[in-house]
Every structure is written in structure tokens, then in C-alpha cells.
Amino acid sequence: MMKKLLCFLLATLMMAGAACAEIASVETTVPLTQPDGPVTITLTYEGPLEIEFAQDVPEGMVRATVHSEEHADVVISIAPSDLFDGRSMADLSEEELEELQTIAGEQYDNPAFATETSPEGNLYLFVSSNDEWDVDSLFTIYEGYFVELIQYHNDFSEQTEADDDFCRSLLYGIHFVQEADNP
């Protein structure tokens, strides 16, 4: 029953995501059921977007592709982590951060890294592929969730600073709320 409800909700959100392309603010909510109870993930962005949710993801994970007419596409993947249960990237040791950087860089031949902090104080890792097939990603761990945003142009052309800023703004617009936190 829960799977049917989730599929129905995702289908509704996909239609709403397409409809959101015409309005100035997008707020998409996807409920995840975790051991501690349901978690709602909200993405807020000021501007026109189209959001496509992947249907073939494991239970408890969300993957959505954000399309913008002005910027590179961004694939957002969010999944809970037993390894980092309840911790955020800023809570990790230097060794754990170096291990995450190594893992994040394994998908690229010649990666470049930058560790940055969001306006809210969340630490994240920016990874650039630095090759002819320009793909960049932002990666963080937030309250026990892996959050990765991968951005690319359909023709894999070079990312611009505006593309990077767009991707960062999407990361900054992701919020997690435990159901118990809701009034």
C-alpha cells in the first residue's frame, strides 16, 4: 500500500514539476519513510524549472533531474546513510573527509576539488571532472543523508560559473524535515 501511495505521489509530483516550469517558485516535497519516521525533503528555488523524478530507485532514495532553460541539467540524488547516521559533513574527521573526496573523485579521470560552506554553514565538496566531457558535482552529507548534485549539459560542453551557481542554489534550497518536527 505504501509503495502504491509513494508511486502515486511521485507521479503527481512529476506532473506538478512540469507545471511548475511556468511559475516563479518551485517547492517539491517527497516523503521518505526512515527508521526514525517519515522525512520530507523540500526543494525550493526561485525561477522556472522542470523536475523529473526517477521511478527506478531503491526505496528510501530520491533521484530527480532538474531542467532549466538557462543552465546545465542537475541530477539530485538523496539517500539515507547508516555509515553517517545523523551526522553532517562538518561533523566528520579529516580522515573521513579525505576518504569521501577519494570516493567522489573515483568517477572522474582528472578531478579537481574544492571544499566550500553553504550560507547556512553546511560543508560540501565541489568536484569538477576537468576533462572534455565536463561534468561537475556537489556532494554533502546532511543529518545522515548523502546528497549529491551532478550537473552537465546534454552535449557535455563546458560548465559556466552561472551553471555552478545554479547548482549551488539548488543545494542550498534542499531542506529536510522529520514528521515529528512538523506542527
Side-chain angles (χ1 to χ4, degrees), residues 25-32 34-47 49 51 54 57-58 60-66 68 71-131 134-152 158-182:
S25 178
V26 174
E27 189 168 300
T28 302
T29 303
V30 179
L32 295 175
Q34 301 303 324
D36 295 338
V39 173
T40 300
I41 300 172
T42 304
L43 169 64
T44 304
Y45 175 79
E46 293 297 324
L49 298 176
I51 302 173
V57 294
M61 180 180 177
V62 173
R63 185 174 323 131
T65 302
V66 178
S68 164
H71 304 288
D73 285 350
V74 177
V75 176
I76 301 172
S77 298
I78 301 172
S81 166
D82 292 334
L83 183 62
F84 299 105
D85 188 34
R87 296 191 300 163
S88 294
M89 208 155 139
D91 301 326
L92 304 182
S93 69
E94 282 297 319
E95 292 151 349
E96 289 173 311
L97 289 173
E98 287 174 15
E99 184 178 333
L100 284 175
Q101 182 172 314
T102 300
I103 292 168
E106 286 177 351
Q107 59 189 326
Y108 304 114
D109 291 332
N110 187 24
F113 303 96
T115 303
E116 301 178 15
T117 304
S118 73
E120 294 82 21
N122 299 323
L123 187 66
Y124 65 92
L125 181 63
F126 178 79
V127 185
S128 176
S129 62
N130 275 336
D131 58 27
D134 198 14
V135 177
D136 296 338
S137 64
L138 295 175
F139 178 86
T140 193
I141 297 170
Y142 181 74
E143 295 183 6
Y145 289 86
F146 284 106
V147 179
E148 182 177 37
L149 288 76
I150 299 173
Q151 65 176 339
Y152 61 91
E158 186 175 344
Q159 302 290 326
T160 65
E161 187 63 35
D163 291 327
D164 293 343
D165 290 343
F166 170 67
C167 192
R168 283 183 189 95
S169 70
L170 293 175
L171 176 67
Y172 302 162
I174 296 172
H175 302 281
F176 294 76
V177 180
Q178 286 286 141
E179 189 171 279
D181 296 340
N182 290 330

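Nothing here was measured: the structure is a model prediction, and the numbers come from that model. Atom set for the values below is all heavy atoms of this structure, side chains included, hydrogens, waters and symmetry mates excluded.
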Q: Would you say the ring centers of Tyr142 and Phe176 fall short of 6.0 Å from each other?
A: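 That pair passes the under 6.0 Å test.
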Q: Out of Asp136, Thr115, Leu171, which one pairs with Phe126 under the side-chain contact (heavy atoms from CB on, under 4.5 Å) rule?
A: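 Among the candidates, only Asp136 passes.
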Q: A quick test of your reading: do over 12 heavy atoms of other residues, nucleotides or ligands sit less than 6.0 Å from CD of Glu99?
A: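 No, the 6.0 Å shell around CD holds no more than 12 heavy atoms from other groups.
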Q: With the side chain counted from C-beta on, respond yes when Leu100 and Leu92 share a heavy-atom pair under 4.5 Å apart, and no when they do not.
A: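 Yes, side chains in contact.
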Q: If we ignore hydrogens and angles and just use 3.5 Å, is the side chain of Thr117 paired with the main-chain N or O of Gly121 as donor and acceptor?
A: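 Not at all, since once roles are kept as given, no pair shorter than 3.5 Å links the two residues.
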Q: Do the side chain of Ser88 and the main chain of Ala90 share a donor and acceptor less than 3.5 angstrom apart?
A: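 Such a contact is absent between Ser88 side chain and Ala90 backbone.
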Q: Can you see which heavy atom on Pro111 is nearest to which on Gly105, and at what distance?
A: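 The pair with the smallest heavy-atom distance is CG-O, 3.8 Å.
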Q: Going from CD on Glu116 to CG on Asn122, what distance comes out if it is rounded to the nearest 0.5 angstrom?
A: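 So the CD of Glu116 and the CG of Asn122 are separated by 13.0 Å.
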Q: Quick one: does Met89's side chain get under 4.5 Å of Leu97's, heavy atoms only?
A: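 Answer yes - side chains close enough.
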Q: May I ask you to check if Arg168 and Tyr124 form a cation-pi contact, with NZ or CZ under 6.0 angstrom from the six-membered ring centre and within 45° of the axis?
A: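 Cation-pi check for Arg168 and Tyr124: fails.
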Q: Below 4.5 Å, heavy atoms only, C-beta onward: do Thr44 and Ile174 meet side chain to side chain?
A: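 No - every pair of side-chain heavy atoms lies 4.5 Å or more apart.
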Q: Do Gln101 and Leu125 touch side chain to side chain, with heavy atoms closer than 4.5 Å?
A: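 In contact.
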Q: Are the side chains of Tyr45 and Ser169 in touch, meaning some heavy atoms are under 4.5 Å apart?
A: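 Yes, at least one pair of side-chain atoms sits under 4.5 Å.
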Q: For Pro80 versus Gly60, what's the shortest heavy-atom pair and its separation?
A: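 Looks like CD-O, 3.2 Å.
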Q: According to ring pair (Phe, Tyr, Trp, His ring centres under 6.0 Å), does anything in residues 75-104 pair up with another residue at least two apart or in another chain? List the pairs.
A: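 Found Phe84-Phe146.
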Q: Can Glu148 and Arg63 be counted as an ion pair, charged N to O under 4.0 angstrom?
A: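 Salt bridge flag = no for Arg63 with Glu148.
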Q: By the definition side-chain contact (heavy atoms from CB on, under 4.5 Å), identify the one residue from Ile76, Asp163, Leu138 that meets it with Gln151.
A: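 Among the candidates, only Asp163 passes.
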Q: If you apply the rule side-chain contact (heavy atoms from CB on, under 4.5 Å), what do you find for Asp165 with Thr160, and how did you get there?
A: CA-CA 9 Å; Asp165 290 343; Thr160 65; over 6 Å; no
Q: How many angstroms lie between atom CG of Leu149 and atom OG of Ser77, to the nearest 0.5 angstrom?
A: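 Taking CG in Leu149 and OG in Ser77, the distance rounds to 8.0 Å.
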Q: With sequence neighbours excluded, tell me which residues meet side chain to side chain contact (heavy atoms under 4.5 Å, CB included) with Glu95.
A: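 Expected list: Ser93.
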Q: Mind checking the CD-OG spacing from Glu143 to Ser81? Nearest 0.5 Å is all I need.
A: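 It is 13.0 Å, given to the nearest 0.5 Å.
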Q: Considering all heavy atoms of both residues, which atom of Ile51 and which atom of Val66 are nearest to each other, and what is their separation?
A: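 Smallest heavy-atom distance, with atoms named: CG1-CG2, 4.4 Å.
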Q: Does the side chain of Asp73 pick up a donor-acceptor pair with the side chain of Thr65 at under 3.5 Å?
A: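 Their side chains do not contain a donor-acceptor pair, so the 3.5 Å distance test is not met.
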Q: Within a 6.0 Å radius of atom CD on Glu94, are there more than 12 heavy atoms belonging to other residues, nucleotides or ligands?
A: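 It does not: Glu94 CD has 12 such atoms or fewer within range.
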Q: Got a second to check how far Gln107's CD is from Ser137's OG, nearest 0.5 Å?
A: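 Nearest 0.5 Å value for the CD-OG distance: 5.5 Å.
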Q: Evaluate the criterion side-chain contact (heavy atoms from CB on, under 4.5 Å) for residue pair Val74 and Tyr152; output intermediate values, then yes/no.
A: CA-CA 7 Å; Val74 177; Tyr152 61 91; over 6 Å; no
Q: Is the shortest side-chain heavy-atom distance between Val57 and Val62 below 4.5 Å?
A: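 Val57 does not reach Val62 side chain to side chain.
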